[in-house]
Amino acid sequence: MTFEEFVYSRGAALVRFARVLTNDDDRADDLVQDVLANVLVKWRRVSKTDHPDIYVRRMIVNANRSWWRRLSNRELSVAAPPDGAAGHDIAHHIAERDHHWEMIAELPVRQRAVLVLRYYEDLDDASIAEILDISRVTVRTAAMRALNTLRERHVSRLAPTPRSTQ
Amino acid sequence: MTNELDQLDHRYLESLRRRMGAPVDTLALLSGAQRRSRRMRARSYAVRGLGGAAALAVLVAGGAGVVRALRDGSPGAIVGGSGPTAATLHAPLPPVANGASTAASAIGTDPSLLHFTVPDLVTDSEVTTWISVDGLEGVGFRKDNRWAEVSIARSEPALDGLRDWHTSSNGDPYIPGTPTVTPPSPPPDLHRSVKVGDVTGMLSSWSNPPESAGNWPYLRWQPASGVWAQIFGSFVSFNDAQPVVDIATTLRLDTVYRCVVPFELTSTPTGARLRSCHLSLFDRDAGQGFSSVLTIGTATAELRIESSPKRAEPGGSPTTTIGGHPAWVDNSNGTRLRIPTFGELSLEITGSGDYAGLPTVKGVAEGVHVATDIEDLSTWPARTIG
């Protein structure tokens, strides 16, 4: 497989993965381009690994960490979730969808990455562990915690907001 | 795996999918990665070039390339050291000598060598073509939809011989094998003198009136005693000389380059000698990486060996095999042997004149040794004929 073929076949998935990691589309594009530039320099070696895709994803994870540290380009907290509004119109549906994404975006990077790799990319725990440089147990734990957090936040969001008495 | 998910989880994951499913411009991603990689490599070369005494000597000789690499990150591979890596094929040819101005008598005498370059344009070019044939050497390039072909020779008549070739090529890359010793062209229809550095050049046109359809302006000047140079192409305007003069002033005669192709011929007919070497490198952003043509022969026989990245095999049964690779023979014009997949290469070998026999063509094909890595210019054989 040539580098070009790799990018054409896996590039979109890599960018999407980076979007989840960074929660910033522009930064994700930048991050993946940087990583792929590095990959290109040593493509002959990378292409001979058993799983180039996993290798490159791991590079993305590492680059995100180092870039994050280097630039102090910390993730910005998303705005507080809006109050749930009644109704089932399209606007509400979109708002719900955005809200769901915001809840996911508030998860720690590792948990977000596990969700993506496990439920979107359908990778097994061993591959996820290799990409994120963690144990399989940690993968399972991260997935469980991510889902639990989402459930808890959803429940708390639906709970009635106390009104101040006048 | 999804059993552990309840309906709520599915909603979150659907949101995640939607979020991730936004379109990704893979082409832009590839281009961006390639561009950054070139910058990284240029920085790497620059650092390497500045690191040791040997490299320092090269720095003195090829300083412009290094400075350029440091300044704007363009590939400055004339610095030497290890060659370009995979998918960085679009790099200048490897130099074989630096520093000394070429003797005019050497120009056009060895089709495996080129004695000049136009470094700024070569490094930024989308397509670069080098050709060296008996009596003539050329570099062609395309950039931002403009193109030019720069040629040098030891005499003006050799450059005159390019008229028909240039005016019928529509800017396509040089085609080797075209006779370069042709009857002199008619005198230029129009001309005016322009200054190229310290010397006076002549901006001319092969037709009349200027800037009309069919007008073919070119600049000709003498960059050194006994050396004639010519620039032809869309950079050349009869009314505005500055763009072509800017190119002309960057021509350098202080480095000798070797014309390389991604294979070596280890078996050639007795008496055959290299007659031309042609290589085109395409920017990887544009797709295909390279094409090359070697011609070898005598006064009465010629073999033309063309290569490009391997291709899909055509339909129909192969006529023969070469080293186990299916091959097709076409006898409509001499003998043409096509081998779509010869390792990583696609080869086409055409014999004519005394070399038109299939055994001769097959003999040459069986002796082709392909470079270790066709995407890595540094692994290409230094010699075209072993």
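Each chain gets a letter, A, B and so on, in the order its sequence line appears, and its residues count up from 1.
- Note on A:L115, A:D29, A:L36, A:V39: by heavy-atom pairs under 4.5 Å with chain B, the leading option is A:L36.
- The side chain to side chain contact (heavy atoms under 4.5 Å, CB included) check on A:Q111 picks up A:L107, A:P108, A:A142, A:R145, A:A146, A:T149, with sequence neighbours excluded.
- Contact record, B:A33 with A:A37: O-CB, 3.4 Å, taken as the closest heavy-atom pair.
- Inter-residue side-chain proximity for A:V32 and B:L29 is flagged as met; some heavy-atom pair is nearer than 4.5 Å.
- Scanning for ring pair (Phe, Tyr, Trp, His ring centres under 6.0 Å) contacts around B:F141 gives B:F235, with sequence neighbours left out.
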